[in-house]
Amino acid sequence: DKTGAVLQSVLPTAKIAKNVKWMAGKQQFETDVIAVVDKTGILAEAKSHRLTPQGLRGAADRLKRHLTDMVIEPSVQSERLAGHIIAARDGNEESLTITRSLGLDAASVDQIIRISLTLDDLSVLSSSEEEMSKAGLIPEGHMLAPALHIADLCCIADILSEEIPFLHYFAERFHFQKHFEIFGDELDFLGIYLSTGFNLGEQRDEFRRLMVTGMSGVIDRYYNGRDAGIVLKKPRPTIHRTYK
């Protein structure tokens, strides 16, 4: 419910559906939130699992189960529907049946954004996509969706409070996570976006490892100040005047 409400608040023109069930063959699947804005479709999976004390202490089997339940399986679920939308665009009859049952005009969806929402903060782990792949946790060939805390989604919607920057953030966030070996949490990613728009220029091809911890400083100061009753200017993305 919170995911749907936040997406509706930042995407006022979006058509949003929650807890959507659909059939593929004889098997039923459910997508937690589908939002369509113009030619962009957002598929969000919201998982309420919580980390257990055993997992927090580093129990390998329990940690693997947490990652599977909260990061990997939701991403597989959203990729499954994304695959049907893409196949429907190409005229696949089974996929067209699925998208039509959801009220989706697949031919008009040019871009698909997938995100996973959690009640525990796993954004540092979900950004370690290459390491999880090497550990055999991610199915071969799977493109992991960004996983973030529901509170981080609220912050992103608050800072990037217009439709185009919000959509651009998540569209580029998906690829940014895959281009680098990154250490940082979701608000560090937001800090990078505010200063660079995830565009590091030609130098991005010269390195693979990226330490982004601390990039959330401007965001932290804004919210800490607001909590203390101090009025600060809300951080804004650095955008060329032509795009503004």
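For clarity, every value in this text was computed on a predicted model and none was experimentally measured.
- In this structure, Arg226 pairs ionically with Asp158, as a charged nitrogen and a carboxylate oxygen lie closer than 4.0 Å.
- Within the 3.5 Å criterion, the main-chain N or O of Asp105 finds a donor-acceptor partner in the side chain of Ser108.
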- prompt: Passes side-chain contact (heavy atoms from CB on, under 4.5 Å), Val218 versus Leu194? Steps please.
  reply: CA-CA 9 Å; Val218 63; Leu194 293 177; 4.3 Å; yes
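- Using a 4.5 Å cut-off on side-chain heavy atoms (C-beta onward), Leu148 and Ser116 make no contact.
- Residues Gly197 and His168 share a closest heavy-atom pair of O-CE1, 4.0 Å.
- Atom CD of Glu73 is surrounded by more than 12 heavy atoms from other residues, nucleotides or ligands within 6.0 Å.
- Among pairs with a residue in residues 24-34, those fulfilling side-chain hydrogen bond (donor to acceptor under 3.5 Å, both in side chains) read Trp22-Thr31, at least two apart in sequence or across chains.
- The two residues His84 and Ala24 have their closest heavy-atom pair at NE2-CB, 4.2 Å.
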field: Val36 vs Leu104, side-chain contact (heavy atoms from CB on, under 4.5 Å): CA-CA, chis, key distance, verdict
entry: CA-CA 8 Å; Val36 179; Leu104 289 173; 3.5 Å; yes
- request: Start with the C-alpha gap between Lys39 and Val109, add the side-chain angles, then the distance that decides, and say whether side-chain contact (heavy atoms from CB on, under 4.5 Å) holds.
  value: CA-CA 5 Å; Lys39 292 181 176 292; Val109 178; over 6 Å; no
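- Atom NZ of Lys234 has more than 12 heavy atoms from other residues, nucleotides or ligands within 6.0 Å.
- Other residues, nucleotides and ligands contribute over 12 non-hydrogen atoms within 6.0 Å of the CG atom of Asp110.
- Considering all non-hydrogen atoms of both residues, Ala82 and Arg114 come closest at CB-CD, 4.0 Å.
- No continuous path of ILVMFWY side-chain contacts below 4.5 Å connects Ile85 to Met143, so the two sit in separate hydrophobic clusters.
- Side-chain contact between Leu167 and Ile113: present, with at least one pair of heavy atoms (C-beta onward) separated by less than 4.5 Å.
- Here the straight-line distance linking atom NZ of Lys47 with atom CD1 of Ile150 works out to 13.0 Å at 0.5 Å rounding.
- Taken from CG in Leu187 to CD1 in Ile156, the straight-line distance is 7.0 Å, to the nearest 0.5 Å.
- Using a 4.5 Å heavy-atom threshold, the side chains of Ile72 and Leu137 count as touching.
- Placement of Leu144 and Val76 within a single hydrophobic cluster is found when ILVMFWY residues are connected by side-chain heavy-atom separations under 4.5 Å, directly or transitively.
- A donor-acceptor contact shorter than 3.5 Å is absent between the side chain of Ser161 and the backbone of Ala157.
- In this model, no donor atom of one side chain and acceptor atom of the other lie less than 3.5 Å apart for Glu45 and Ser78.
- Centroid-to-centroid, the aromatic rings of Phe198 and His175 stay 6.0 Å apart or farther.
- Counting heavy atoms from C-beta outward, Asp188 and Asp185 have side chains that approach closer than 4.5 Å.
- Neither Ile164 nor Leu11 shares a network with the other; the hydrophobic side chains, linked directly or stepwise wherever heavy atoms of I, L, V, M, F, W or Y lie under 4.5 Å apart, form separate groups for each.
- Considering all non-hydrogen atoms of both residues, Glu94 and Gly25 come closest at OE2-N, 3.6 Å.
- Asp227 CG: more than 12 foreign heavy atoms inside a 6.0 Å radius.
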message: Is there a side-chain contact (heavy atoms from CB on, under 4.5 Å) between Leu160 and Leu190? Walk through the geometry before answering.
response: CA-CA 9 Å; Leu160 305 177; Leu190 181 57; 3.9 Å; yes
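- Note: Leu63 CG to Thr68 OG1 = 9.0 Å, rounded to the nearest 0.5 Å.
- Using a 4.5 Å heavy-atom cutoff, the side chains of Leu117 and His149 are not in contact.
- Atom CZ in Phe166 sits 5.0 Å away from atom CG in Leu153 (nearest 0.5 Å).
- If you check the side chains of Glu79 and His142, you find a donor sitting under 3.5 Å from an acceptor.
- Interatomic distance, OH of Tyr222 versus CD1 of Ile159, reported as 5.5 Å (0.5 Å rounding).
- Nearest approach of Glu186 to Ala147, heavy atoms of both residues: OE1-O, 4.3 Å.
- Leu67 has its side chain out of reach of Lys64: every pair of non-hydrogen atoms, C-beta onward, lies at least 4.5 Å apart.
- Side-chain atoms of Ser75 do not come within 3.5 Å of backbone N or O of Val71 as any donor-acceptor pair.
- Contact annotation: the side chain of Val37 approaches that of Thr13 to within less than 4.5 Å [non-hydrogen atoms, C-beta and beyond].
- Considering only heavy atoms from C-beta on, Ile98 comes within 4.5 Å of Leu81 through its side chain.
- A chain of hydrophobic side-chain contacts below 4.5 Å, direct or via other Ile, Leu, Val, Met, Phe, Trp or Tyr residues, connects Tyr169 to Phe176.
- Atom CD1 of Ile86 has more than 12 heavy atoms from other residues, nucleotides or ligands within 6.0 Å.
- Rounding to the nearest 0.5 angstrom, the gap separating the OH atom in Tyr193 from the CD1 atom in Ile219 is 12.5 Å.
- When ring centroids are compared, Phe174 and Phe170 stay outside the 6.0 Å threshold.
- The minimum heavy-atom distance between Gly4 and Val33, with the atom names listed, is N-CG2, 4.3 Å.
- Linking ILVMFWY side-chain heavy atoms closer than 4.5 Å, directly or via other members, places Ile112 and Ile16 in two distinct hydrophobic clusters.
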